[in-house]
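First the structure, in the form of structure tokens, and then the observations on it.
Numbered from 1 within each chain, the chains take letters A, B, ... in sequence-line order. The shown structure was predicted, so the numbers you read here are calculated from the model rather than taken from an experiment.
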Protein chains: 2
Amino acid sequence: MKMSAGVEWAVHCCVVLSQADGPVPAQRLADFHGVSRTYLAKHLQQLSRAGLVRSTEGRVGGYALTRSAEEISVLDVVLAIEGREPAFRCTEIRQNGPLPATGEVCRRPCGIARAMYAAEDAWRASLAAVSVADLATGVEEDTGAQTFVRLRGWLATG
Amino acid sequence: MKMSAGVEWAVHCCVVLSQADGPVPAQRLADFHGVSRTYLAKHLQQLSRAGLVRSTEGRVGGYALTRSAEEISVLDVVLAIEGREPAFRCTEIRQNGPLPATGEVCRRPCGIARAMYAAEDAWRASLAAVSVADLATGVEEDTGAQTFVRLRGWLATG
DNA sequence: CAAACGCGGATAGAAAATGTCTGAGTTGAT
DNA sequence: ATCAACTCAGACATTTTCTATCCGCGTTTG
């Protein structure tokens, strides 16, 4: 059970975008994080389809958050990249074999699936409690108040 | 982010084993659940290596739980099959690019990784709170008290 | 010894993740 | 109007993982 590396990229990009004044091109985001531009572009498009970022085309285009960083949770980003499918997929093997569970019982998910879904709900709740703004605050606490000043400078001049 | 289908098989097998009197062969477990014997055998070997089940070789061999079903959590089974690696793998891209995070800061994981790990801890805690015995109780509640009687009968005669 | 069983490795196809490339369309500047 | 920079969508290639099968080997019981 592994999460795509694109999730890490996308969350980092959202933190950067939360500090930017205008649209930031994919090229710039890729350079800043030292990752492939073309592949990052895929993930940014997923964020765009999910409505988390807006893309502006043309000469001075790029990506910008569609709402304030307080209103974007880590869960939003994870779901945009990983999809909304639960990690556990019940194949109803209780209906197989010589003693299959019958129709009426199977109206609700089996106990195993319920336990798995409950755990995923707890996971999602934990991720929903952290916003991109929280992450940005954490970066400043970890690395100093000058970090985002330098970031904005690099984004402007680069 | 998807969980292997083997997890579902393995948990179902543990519930069956919790109701068995003696060792149950892989062939029997596969027949009961209507899945491939050779592939299920792989997962049973993983459970064995993780110490959740004991295998008896030879003519009347098979698998049996090593401890009581109360003492085996769903998390134990999931970790045995999926491995103990966290789903989120931080590649430290904050150390890349024109403004890399420096060594001292990177002594502890970045805020993004911390949020991800916290969510996985919540997920694990939820799974750890459910035992195989709880699942067996749930099956009886869902399908009636005769279910496991019939199961034991099929295991004995089959 | 033969039959039933678990164990480990080798193998292979399918699916998904990862990464690249190209062409079309859009926008601002000259 | 033209050009350059940029996004977007999709096609394509590569690599890894999942799923599944098979075989040989050692073990145990009858």
Side-chain angles (χ1 to χ4, degrees), chain A residues 1-10 13 17 20 22-31 33-64 66 78 80-83 85 87-89 91 93 155 158, chain B residues 1-10 13 17 20 22-66 78 80-83 85 87-89 91 93 155 158:
Chain A
M1 202 182 54
K2 293 184 317 186
M3 191 178 295
S4 159
V7 171
E8 183 186 9
W9 299 6
C13 284
L17 291 180
V24 182
Q27 180 71 66
R28 198 126 272 248
L29 289 168
D31 289 346
H33 294 114
V35 300
S36 144
R37 184 192 70 83
T38 50
Y39 192 32
L40 178 63
K42 282 222 180 300
H43 299 309
L44 292 170
Q45 285 166 30
Q46 289 181 277
L47 293 183
S48 178
R49 278 194 289 270
L52 300 181
V53 304
R54 175 190 9 259
S55 67
T56 32
E57 293 192 344
R59 181 77 177 72
V60 292
Y63 290 93
T66 56
V78 171
I81 303 296
E82 288 287 321
E85 300 286 303
F88 179 82
R89 295 150 298 168
T91 60
I93 61 176
L155 287 175
Chain B
M1 203 182 54
K2 293 184 316 186
M3 191 178 295
S4 159
V7 171
E8 183 187 10
W9 297 9
C13 285
L17 292 180
V24 182
Q27 180 71 67
R28 198 123 273 246
L29 289 168
D31 288 346
F32 185 79
H33 294 114
V35 300
S36 147
R37 181 191 71 83
T38 51
Y39 192 34
L40 177 63
K42 291 265 178 250
H43 298 309
L44 292 171
Q45 286 168 30
Q46 290 183 276
L47 294 183
S48 178
R49 278 193 288 271
L52 300 182
V53 304
R54 174 189 9 258
S55 65
T56 349
E57 293 193 342
R59 180 81 173 68
V60 292
Y63 291 93
L65 300 184
T66 54
V78 171
I81 303 297
E82 288 287 320
E85 300 284 304
F88 179 82
R89 295 151 298 168
T91 59
I93 61 175
L155 286 176

Next item on the list: Please work out if B/A26 contacts a base, only the sugar-phosphate, or nothing of the nucleic acid, heavy-atom cut-off 4.0 Å.
Entry: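 Here B/A26 touches the backbone only, sparing every base.
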
Margin query: Taking any heavy-atom pair under 4.0 Å as a contact, classify B/A5: base, sugar-phosphate, or nothing.
Written below: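 Sugar-phosphate: the residue B/A5, judged by heavy atoms under 4.0 Å, touches backbone atoms but no base.
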
Taking 4.0 Å as the cut-off, does a side-chain nitrogen or oxygen of [X] come that near to OP1 or OP2 on [N]?
X: B/R54; N: C/dG6; value: no
X: A/R59; N: D/dT7; value: no
X: B/S55; N: C/dC5; value: no
X: A/S36; N: C/dT20; value: yes
X: B/S4; N: D/dT17; value: no
X: B/K2; N: D/dC18; value: no
X: B/Y63; N: C/dC7; value: yes
X: B/S48; N: C/dC7; value: yes

Next item on the list: Nearest whole angstrom, please: distance from the P of D/dT7 to the CZ of A/R28.
Entry: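 Value for this atom pair: 11 Å.
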
Notebook entry, point to check: What integer distance in Å separates A/E8:CD from C/dA17:P?
Noted result: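 A/E8 atom CD is separated from C/dA17 atom P by 17 Å.
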
Note to self: By nearest heavy atom, map A/W9 and A/V60 onto DNA chain C; which one lands nearer the 5' end?
What the structure shows: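 So the residue in question is A/W9.
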
Item checked: Nearest-nucleotide comparison on DNA chain D, the residue closer to the 5′ end among A/R49 and B/H43 ->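 It is A/R49 whose nearest nucleotide is closer to the 5' end.
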
Checklist line | Side chain A/Q27, main chain A/R37, donor-acceptor under 3.5 Å | finding: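 Absent.
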
Notebook entry, point to check: Counting distance only, does the side-chain N/O of B/R89 pair as donor-acceptor with the main-chain N or O of A/M3 below 3.5 Å?
Noted result: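 Looks like yes, one N/O pair under 3.5 Å.
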
Could you go through residues 48-66 of chain B and list every donor-acceptor pair under 3.5 Å that involves a side-chain atom there, pairing it with any protein atom two or more places apart or in another chain?
from	atom 1	to	atom 2	distance (Å)
B/T56	OG1	B/G62	O	3.4
B/T66	OG1	B/G51	O	2.8
B/T66	OG1	B/L52	O	3.0

Note to self: For C/dG9, does the base pair up with any side-chain atom of B/K42 as donor and acceptor (N or O, under 3.5 Å, distance only)?
What the structure shows: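 Check passes, donor-acceptor contact within cut-off.
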
Next item on the list: Using side chain to side chain donor-acceptor pair (under 3.5 Å) as the criterion, list what pairs up with B/Q46, not counting sequence neighbours.
Entry: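 B/Q46: side chain to side chain donor-acceptor pair (under 3.5 Å) contacts with B/H43.
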
